[in-house]
Structures are given as structure tokens and as C-alpha cells.
There are 2 protein chains.
Amino acid sequence: MSQTKAKVTITDVARASGVSSSAVSYALNGKRGVSADTRDKVLKVARELGWKPNSAAKALSNSRSRNIGLIQTRDPKLFAVESYGMELIAGLGTELEKADYSLVIRQADGLESEMRILKDWMATGGVDGVILVNMELGDPRIELLEQNPQMPVLVLGDPSLTGGLPTLWSDDAAAAGIVVDYLSGLGHTSIVRVAGPEEMAHTFIRDRAFMEETTKRGITYSCLHTDYSPTMGAEITERFLTYPGLTSAIVYDSDAMALAGLGVAVRKGISVPRDLSIISWDDSFMCSAVFPSLTAIHRDVVASGAMAAKMILRIIDGEKVEPQEEKPYSLIERDSTGPAPTD
Amino acid sequence: MSQTKAKVTITDVARASGVSSSAVSYALNGKRGVSADTRDKVLKVARELGWKPNSAAKALSNSRSRNIGLIQTRDPKLFAVESYGMELIAGLGTELEKADYSLVIRQADGLESEMRILKDWMATGGVDGVILVNMELGDPRIELLEQNPQMPVLVLGDPSLTGGLPTLWSDDAAAAGIVVDYLSGLGHTSIVRVAGPEEMAHTFIRDRAFMEETTKRGITYSCLHTDYSPTMGAEITERFLTYPGLTSAIVYDSDAMALAGLGVAVRKGISVPRDLSIISWDDSFMCSAVFPSLTAIHRDVVASGAMAAKMILRIIDGEKVEPQEEKPYSLIERDSTGPAPTD
DNA sequence: CATACTAGCTCAACCGCTTAACGTAAGCAA
DNA sequence: TTGCTTACGTTAAGCGGTTGAGCTAGTATG
């Protein structure tokens, strides 16, 4: 085995193959300027010596770090609650891997520190592009990135709220329609929604869509916003269920809250789905594992992550990328939903 | 506002403050060699121009990338199932952030590709240190890193299986003792364990510990290994519960499998905890949200991540770091465990 | 046969920052 | 005055690659 001693540089390869370092560079990068013989020789030597290009040198020389940046905001504890983050990373990661790109993750404890990190990346060239997630209403990141068009960016969020930046988005409004349709079809005339934080862009989109869809069908609709924590989801459920007959269906904006809500209902002796139907927005293994299993709005986050990776790479390559829609949500019917109770 | 036009380099700062670029470097890095006046001037100019050191240049010059590497193996879909990964990242991230380090994540689809990535990092200098997780028995990564002592590494795993490498470890054997003690105290005379994959180092440790602890107390113990998927956890539970009276307590190696197992039991009309006690190894919000809530072995993964970050940074700084133990596991008693049924 | 062109290679500059080595002037003691 | 420090700056080399501009020898062209 080749004992990788110290760092082996292009100069070592050059010396060992009896040519200049430029020739080595040409050979290794498949450029013209060297004969086939020399190229073979160099490649062979490089392989034997276990040469790999130093990433810093390469980055400095062609101003490309081969890094994609992703910033995690929100409370670390809450993060773990959601499968979204991990699935996204997995999807991004696998696809970036193929392009020999790395995913750089930084942790922010709010929009301000996220802005700082973004500015940092723009000034230091630490990443070749960024992916923005968890967009808020009037998000300052949009303006920042619009003002600095030299930094490739992909926003995961609704195009109506992301300025002119390239986006990958899910049609949450359509999904809201599916949910309302479905519940309405089961005879429910009232829907309660335990939503995410009000300032989140996707919450806003959903809020509006639910409002419209329920109004259209003459369904009573009421909505309370949470911080996405299961605890708060449980509290609100508790409050709603204290007055029986208030609603026959609750839609949760996350699987974690749906699970917590289900727990509350069961504890209160409320039968799901006989007395109460529950829908989880976002599907995960929990939804199918728990009893009764949870009807859920499903989307393939890993696939979206992979798609996002492909898009940001194209954007980095200078392509103009149009807003693209994810594979649409689908409703997975399980045991937590049923006909509205006939009182 | 300062319109960040193009990249601003140290040379720009030098020109603008009328000194050489070296003087600027000294000034900005707080080194001696410049007068207080000059230093102030330079700092002021740098701030005005919005200068930030180019990370590639800095990395090239002092052979420090300020990146810590973490490799995700395992099936992306399975990943999302566990909160462990995300919590670890969160813990690492917040702590690295303080030291102005970034977390670089790469996705591998097996040990071989993980080895490739590690070798890559060692040759390219892409990261200053790596954190190894999900250790397996006879893991080839140990040997690789031992042979290349120039690459700082921290292993998250039991010191008995990680050669001489620095480790941060949890005392799984002790926790196994706690579990067996607890169940034994409740009068259970038989324990079934739905474990993780056999090749995982921590599974091995737990296997051995459970075997010893149960033998010591004369408890019937049987164990089946899974791939950690909730599906497989459910299947095995199904199989075990087909013969009633086979066991009165099941311990699951992950919260996901525990939830799935609970679902199976409830569906079969088995009362938890009256007829069956369930313990989840690894606690998460699910365990408290579900009904009945799950008694669980708890550890603070976010805190461990933070500790791991501090350790790897010290290792990078050349300190010799002794194997360190995480805050010990604790058993959180909830509703899924109770006295053994008296037949 | 002189000229032009091209393939194959080397030189040297450059990416942006660090740092050892050196120069210079001021400060101080003898 | 000389000699020795010390403080403050500059120059230049180097980190490990890339790349435009030569240079040289071989081949095609008129």
C-alpha cells in the first residue's frame, strides 16, 4: 500500500514525472498542451503518489470553493423534532456528492446572525452558493441576495414572496385545497388548524389558502399559530378540545404537533377518528407507526433536496434557472380521519 | 450603506490606508510590528471597505481550513427517522460557530465510500479534523486514522473498540444495567430486546451488557437485531407478540422502533403497560407525546455534540485529549412500563 | 529553401494572505 | 560621539495550484 507520508503536491508529481508543474496541471485537468504519452505518465505517477489537489489552493486559484452553504436557524432542540431538516440535508448531500461538492452547515440563532453568516460568505468566498430555507414574511435575506447578484442562491419557498430569486417551491395552496376538499367530502363543516409560526412565509401561504378554501365551501375555520413545538401543539389542542363539539377536524402544520395533538385527544378519551379527525401536514414514519395512524399530507423532502442541489449547481454554472415546483403534495389516507360525527 | 462592490482584498485595504499589505496583515491579526496609530487606521479602513479575509487564501497560507468534517452514512431515509443525527449536528454547529469553524457534511453510502471521503480529506486538506460516528466492529476507519496521525480525529464511540484514538463515549453498559435493574425491580423475569444492527459497535456493547446483566439476575433474555427501521421493528414485535406470554417487557434500541412496536401492541389489543412494558433506548419528544407515553433511556445529544466540538478543536490545537465520557444516561419513567403481569 | 504554423512544453505571474528577513530611524547609555 | 536596542515598516518568498505568454522543434506551405 502507498504509505501517504506527507502532503504530496503538484510539484512532487512534476519532479517524479520529469516535467514542469504546468504540464502536470494540464495533464491532470485534461487540457491540451501535453502529449498523450506525457499525460499517461503524469496520471500514473499522480496515482502512485496518491496525489489529490489541495482544496485551498484550488479554491484560491479558480475562486471556487466547491462548497454549498446551508444555514440552520431555529432552536436546535426544535430542529431535531422535524424530519425535514435531516431529509433535506440527505437529499442535498447525495446529489452534491456526485458533483464533488460539499455541504457546509452553519448554525444561526436568528435572522440577524443568519444575515451575518451570509455576508461573511459573500465576503470571504467560503461557499459557491447558498440555499435559503425557512423564509419569513419580508425576509431581509431576499434583499441582501438580490443586491449581491454575484452570489448564486436558491430559495426554498414560494416565488410570490422571494423577489426575483430562483426558487424551488411546493404548492402549499393546492395542498390546502386537497385537505379542505377531503374533509369537506367526509362531511366536516368545521376545521381547526394548528399552524406554524405566523412570520413564516409558508404559514402565510397556507393561512390564506385555508381561509379561501373553507370560505368557498362555507366551512367554519379557525387557526392558531404555534412555534412548532409539540408542547405548544398539545396545549392548543387541549384548549380546543375542552369545549366538546367545537370542531370535528384538526389539521396540524407538522407531524410532531399532530402526534402531540393525537396524544392529547386520546388522553381525553376522545375517539379518533370517530369524534375527531386529525390530519398531519408533513408525513413521516411516525404517522404510520402510531395508533391510530395519522392521515397526512406527504411530500418527498429527500427528492426535493436532490432537486435543489441540481438547481443550485446549475445556477453556479451561470444558467438562468426558472422557479421550479416540487413534486406535488399528496394526501395519504390513514386511520385518523373519518366521517364527521352526526350529532 | 457600504455597497459591497467587488471582492475587497488586503491589498485594497493597504492602498487605502497607505501602508504595505504586510502591515495590514499584522494589524488585522493583532500582531506586533505596527504602531497603535497605524493599527487603528487600518482597522478603520478595513471596516469601511467591508474587508473579510478570503477563506481560500487564508486556508492555503496557514494550512487551516477552519472546517470540521462529518460523514453521514446509512440510508438517507433511515436517517431522518432518528433525531440523533440532527441533534448532533445542532450541538456541533452551535459550538463550532463560536470558534468560527464550519461543519462540512458529506454523504456516504457505505463504509467504502466513507473511507474514500476520509482519504480525500487527508490528501486535499479540506477539513482540519473529522468526527467519526456510527462505529462498526473492526471498523477500518480506525486503522486508517491511526496510520495518519496528522489528521485530528474524534471518535464518538466506546474506547474499548476505537484503538488509541481520542473518544467521546457514552456508558451504554451502565445504561443497560439501569434498564435491567428497573425491569427486574418491577418483577419482570423475561426481557426481549429489539436491537440495532449487529455490526454496530454500540450494539455489540449493549448486547454484551444486557447478556451479562440479565444472566446475573436470572432473567430470560432474548434479542433480535434490526436495521433500525421502524418497519423491521414492527415486524419483529409482531412476531414476538404472536405467542402471548412470551415476554412481559420489550426494550427497543431506538425511539422510532419503540413507537412502531407500541403501535403493533396496541393494534393487537395488548395493553401497555398492563400486559407489556416497553422501554425506548433514546428519548425524543415522540416518547412523551404518544399515548401511552414511553419510558425511555435519555441522553442529551445536543450537549454531547457541543462537547465533541470543543474536544476536536482542542485536538486540532495539538492537545492530547483523553477519552471522555458523556453525561450518563438516565431513565425517564413514563406510562409504558409497569409491574410484570401476574399470570 | 525560407516562412508559417502547430504541438508540446516551460516560465513566470497571479489568486490573497502570512511571515521570516531585512532596513531605518529613534532612544538611550557610556 | 559611538554602539546597541527597540519599534515600526517594507520586501519578498511561499502556500499549491492555474494559465497566458513564450520558446523550440517538427511539419506543412508557397
Side-chain angles (χ1 to χ4, degrees), chain A residues 4-43 45-46 49-66 100 120-126 128 150, chain B residues 4 6-43 45-46 49-66 100 120-128 150:
Chain A
T4 315
K5 293 222 168 279
K7 299 273 166 214
V8 26
T9 75
I10 207 173
T11 319
D12 299 325
V13 178
R15 193 170 11 246
S17 31
V19 290
S20 73
S21 66
S22 334
V24 174
S25 177
Y26 291 136
L28 291 165
N29 291 313
K31 300 202 171 171
R32 346 184 273 94
V34 282
S35 68
D37 284 3
T38 312
R39 185 183 305 273
D40 292 347
K41 172 89 198 240
V42 167
L43 288 174
V45 170
L49 263 50
W51 177 87
K52 290 275 175 60
N54 176 290
S55 36
K58 202 149 192 166
L60 178 58
S61 157
N62 42 221
S63 344
R64 280 290 172 85
S65 65
R66 300 201 83 80
D100 198 34
D120 211 82
W121 274 340
M122 297 192 302
T124 63
D128 294 346
Q150 77 280 10
Chain B
T4 315
K7 298 274 167 212
V8 26
T9 76
I10 206 173
T11 319
D12 299 325
V13 178
R15 192 173 10 247
S17 32
V19 291
S20 73
S21 66
S22 335
V24 173
S25 177
Y26 290 135
L28 292 164
N29 291 314
K31 300 203 169 169
R32 346 184 273 93
V34 283
S35 68
D37 283 3
T38 313
R39 186 183 305 275
D40 292 348
K41 171 89 197 242
V42 167
L43 288 174
V45 170
L49 264 49
W51 178 87
K52 289 276 174 59
N54 176 290
S55 37
K58 202 150 192 165
L60 179 58
S61 165
N62 42 223
S63 339
R64 280 291 172 86
S65 65
R66 300 200 85 78
D100 198 33
D120 210 83
W121 274 340
M122 298 192 301
T124 64
V127 301
D128 294 347
Q150 77 280 9

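In the text below, chain A, chain B and the rest are named by the order of the sequence lines, each starting its count at 1.
Where B/Y26 and B/N54 meet DNA chain C, the nucleotide closest to each residue was compared, and B/N54 sits on the side nearer the 5' end.
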Kindly give the atom pairs (protein nitrogen or oxygen, nucleotide nitrogen or oxygen) under 3.5 Å for nucleotides 12-15 of chain C.
residue, atom, partner, partner atom, Å
C/dA12, N6, A/S22, OG, 3.4

Which protein N or O atoms sit under 3.5 Å from an N or O of nucleotides 22-27 of chain C?
none

Using the 3.5 Å cut-off, write out each protein N or O paired with an N or O of nucleotides 4-8 of chain C and the distance between them.
none

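The shortest side-chain heavy-atom distance between A/D37 and A/K41 does not fall under the 4.5 Å cut-off.
Here chain A contacts DNA chain D (any atom closer than 4.0 Å to a heavy atom, that is under 4.0 Å), and the contacts span D/dG16 to D/dG20 from 5' to 3'.
One finds no side-chain N or O of B/W51 lying less than 4.0 angstrom from the OP1 or OP2 phosphate oxygen of C/dG16. Under 4.0 angstrom from either OP1 or OP2 of C/dT18 there lies at least one side-chain N or O belonging to B/K58.
Under the side chain to side chain contact (heavy atoms under 4.5 Å, CB included) rule, A/W51 has a single partner from A/V42, A/L43, A/L28, A/V45, which is A/L28.
The shortest non-hydrogen separation linking A/L49 to A/A16 is CD2-CB, 4.2 Å. Taking each heavy atom of A/S17 and A/V24 in turn, the nearest pair found is OG-CG2, 4.4 Å. Closest non-hydrogen pair, B/R64 versus B/D128, comes out as CD-OD2, 3.4 Å.
Atom-to-atom distance recorded for B/K58:NZ and B/I10:CD1 is 8.5 Å, nearest 0.5 angstrom. Here the CG atom belonging to B/L60 is positioned 10.0 Å from the OG atom belonging to A/S55, to the nearest 0.5 angstrom. The OG atom of B/S63 sits 8.0 Å away from atom CG of A/N54, with the distance rounded to the nearest 0.5 Å. Separation of atoms CD (A/Q150) and CE (A/M122) is listed at 6.5 Å; rounding is to 0.5 Å.
From one end of the helix from C/dC1-D/dG30 to C/dA30-D/dT1 to the other, with five pairs defining each end axis, the axis direction shifts by 60° (rounded to 10°).
Between the side chain of B/S65 and the backbone N or O of B/G126 there is at least one donor-acceptor pair closer than 3.5 Å. B/T124 places a side-chain N or O within 3.5 Å of a backbone atom of B/D120 that can act as its donor or acceptor partner. A distance-only check finds a donor-acceptor pair linking the side chain of B/R39 to the backbone of B/K31 [under 3.5 Å].
Contacts of residues 10-20 of chain B with DNA chain D (heavy atom under 4.0 Å): B/V19, B/S20.
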